[in-house]
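Heads up, the thing below is written out as structure tokens.
Just so you know, these numbers come straight off a predicted model, no measurement behind them. Here is the naming used below: chain letters follow the sequence lines, and residue numbers restart at 1 for every chain.
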2 protein chains.
Amino acid sequence: MARKKDSRPAGPQHSARLGDLLRVPAGERPDLAAYPADALPAGPTDKTAGVAATDALGGRLAGLQERLYAASTAGDRRRLLLILQGMDTSGKGGTVKHVIGHFNPSGCRIKAFKAPTEEEQSHPFLWRIMRELPRPGEIGIFDRSQYEDVLVARVRELVPRAQIDRRYEQINRFEQSLTEDGVTVVKVFLHLSYEEQRRRLLARLDNPDKHWKFSPGDIDERALWPAYQKAYALALEHCSTEAAPWYLVPADRKWYRNWAVSTLLLEHLEALDPRYPRADFDVEACRRRLLAQEGDEPGHSGV
Amino acid sequence: MARKKDSRPAGPQHSARLGDLLRVPAGERPDLAAYPADALPAGPTDKTAGVAATDALGGRLAGLQERLYAASTAGDRRRLLLILQGMDTSGKGGTVKHVIGHFNPSGCRIKAFKAPTEEEQSHPFLWRIMRELPRPGEIGIFDRSQYEDVLVARVRELVPRAQIDRRYEQINRFEQSLTEDGVTVVKVFLHLSYEEQRRRLLARLDNPDKHWKFSPGDIDERALWPAYQKAYALALEHCSTEAAPWYLVPADRKWYRNWAVSTLLLEHLEALDPRYPRADFDVEACRRRLLAQEGDEPGHSGV
């Protein structure tokens, strides 16, 4: 549904949609090592401008969210699901804080997926995902997602390779169904460089107030960097579909990441163009009834 | 737990805690008709100052929330639950938007309770409440709550009076248990005047973009105003306990409501005084390991 609307003629202020620029072409394996994680493919070119541009989007994002929610009260089933993936410290949590913070929190359904519990493991891998989907009118945010089952599962060889290959297709069919049910799926890969990850991990070690965010296991995972990059490239190649494309966001600069994800959300919400529903009641009659109710509290008039 | 800490000697900047001023004394029935809903019992006295004061609390609230969450990663079970109750248009949703918006959305668990579903009705009335409680480190927000079962249930006579009376006690025991498990329960009654509700409902009718927030049923409920005020007064009388007191917030002025709820949250979070956990790993060893990992991506060095 979203893709169809996305392909409408670009409006004046969207002569170049960021989504078109960042979308991973279907079936193409991105060369992540060759793509600089500090690139600025479009938009602001320095931090001051970037922060200002992102702040300026806040009101528009919140307004579109309210309209999306309002429309759902009249039966519009559309909703948006933002999927955030990326290596440790790539800024999944920071994106939630700084980008999703623009929205009314009551319309957001946020889920950070951890290592699956025993119950979750006893079900198909999409089971726990299904349970956390946004309801109509909501904006869902997944910090990690079904893609962990083709990322860490591949790198750590938790399941046979053939099963990983089947999962790409299972994910594609799942996302196709979501799209058909009115979910606009926005999948963002936060592309971080190996060197920037080192800087961020060291920064966490340098600040005792950040130690809780650190685990020695992060260093073990980092040692598997090439295997993870390969797993990401494969997931992007196999699962960037017409129904639910992947967007590759350079994430070495936090301000650029925030601007890019905000802009991607804005473009998708504008394409949805949700509308406030019209009243299904007699507005004038209601106004008259309200005005006719006693002027003071009934039972307390004059007291 | 919270109450114990609340009774510590007041610090210099809390010579008068707002909570002490707004708390409904246990066992006392507040005279809501006599309490002006546009009162300014403490704090800022005009909108400009109120908005500025509330904005100034944002950073402190977010900082305390992060510490609360961080502490939970090291086993601290404490968490906060804000319960918002009030008549239609009293600003429960607006409070979530403007006050909870200060927090990192990923640490908030927000639930708006509607009329119970068939499944919910087949369970004890606290069943659906239990399922939505915040996890350790989180801030839970209930827009309506278990109190609906002694408010609308009383006014609409959904259950016999004797059962309503038992529910007050069930709620008190339930909240006592929550408190013992580390939940700081902050219950806020948004006190709105009959006349201000009329203005807000008319404003919704005057703006087609707000019609989705209006239902003719709101006028029927409004006709039951005295019965609702009585039901609220009884709930506040019976359920403002040492473990989980009720706070009465004058809500006719939105800016004052936002400031008051923000301040109540701040006072409770400061009383909890959550701390970043200390590292349970060897920081220096981790730093050395990180610095020893190859300078460029392993497998891509120099390419």
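Both the backbone and the side chain of A/Cys286 have a heavy atom closer than 4.5 Å to some heavy atom of chain B. For B/Asp220, the parts lying under 4.5 angstrom from a heavy atom of chain A are both the backbone and the side chain. With a 4.5 angstrom heavy-atom cutoff, A/Phe214 touches chain B via backbone and side-chain atoms both. Only the side chain of A/Thr73 comes within contact range of chain B, with at least one heavy atom under 4.5 Å from a heavy atom of that chain.
Using modelled atom types and a 3.5 Å distance limit, the side chains of A/Glu221 and A/Tyr228 yield a donor-acceptor pair. Defined by atom type and a distance below 3.5 Å, a donor-acceptor pair is present between the side-chain atoms of B/Arg257 and B/Thr95. Residues B/Arg198 and A/Gln293 bring no donor and acceptor atom of their side chains to less than 3.5 Å of each other.
Contact check for B/Arg204 versus B/Thr89: side-chain heavy atoms found under the 4.5 Å cut-off. A/Lys230 has its side chain within reach of A/Arg154: a pair of non-hydrogen atoms, C-beta onward, lies under 4.5 Å apart. Side-chain contact between B/Leu151 and B/Arg144 is absent, with no heavy atoms from C-beta onward closer than 4.5 Å. Residues B/Pro134 and B/Leu80 are not in side-chain contact: their nearest non-hydrogen atoms beyond the backbone lie 4.5 Å or more apart.
Most heavy-atom pairs under 4.5 Å with chain B, from the set A/Asp218, A/Leu291, A/Leu290: that is A/Leu290. Annotation: maximal heavy-atom pairing with chain A below 4.5 Å, among B/Leu202, B/Ile100, B/Ile219, occurs at B/Ile219. Listed options A/Ile141, A/Asp143, A/Asp206 were ranked by heavy-atom pairs under 4.5 angstrom with chain B; first place goes to A/Asp206. Contact count versus chain A (heavy atoms, under 4.5 Å) is highest, among B/Gly101, B/Pro216, B/Pro277, B/Ala285, for B/Pro216. Ranked by heavy-atom pairs under 4.5 Å with chain B, the list A/Asp280, A/Leu205, A/Ile110 is led by A/Leu205. Interface summary for chain B: among A/His211, A/His98, A/Lys213, the most heavy-atom pairs under 4.5 angstrom belong to A/His211. With chain B as the partner, the residue from A/Ala70, A/Ala71, A/Ala62, A/Ala279 showing the most heavy-atom pairs under 4.5 Å is A/Ala70.
A salt bridge links B/Asp273 with B/Arg67: the closest approach of a Lys/Arg side-chain nitrogen to an acidic carboxylate oxygen falls below 4.0 angstrom.
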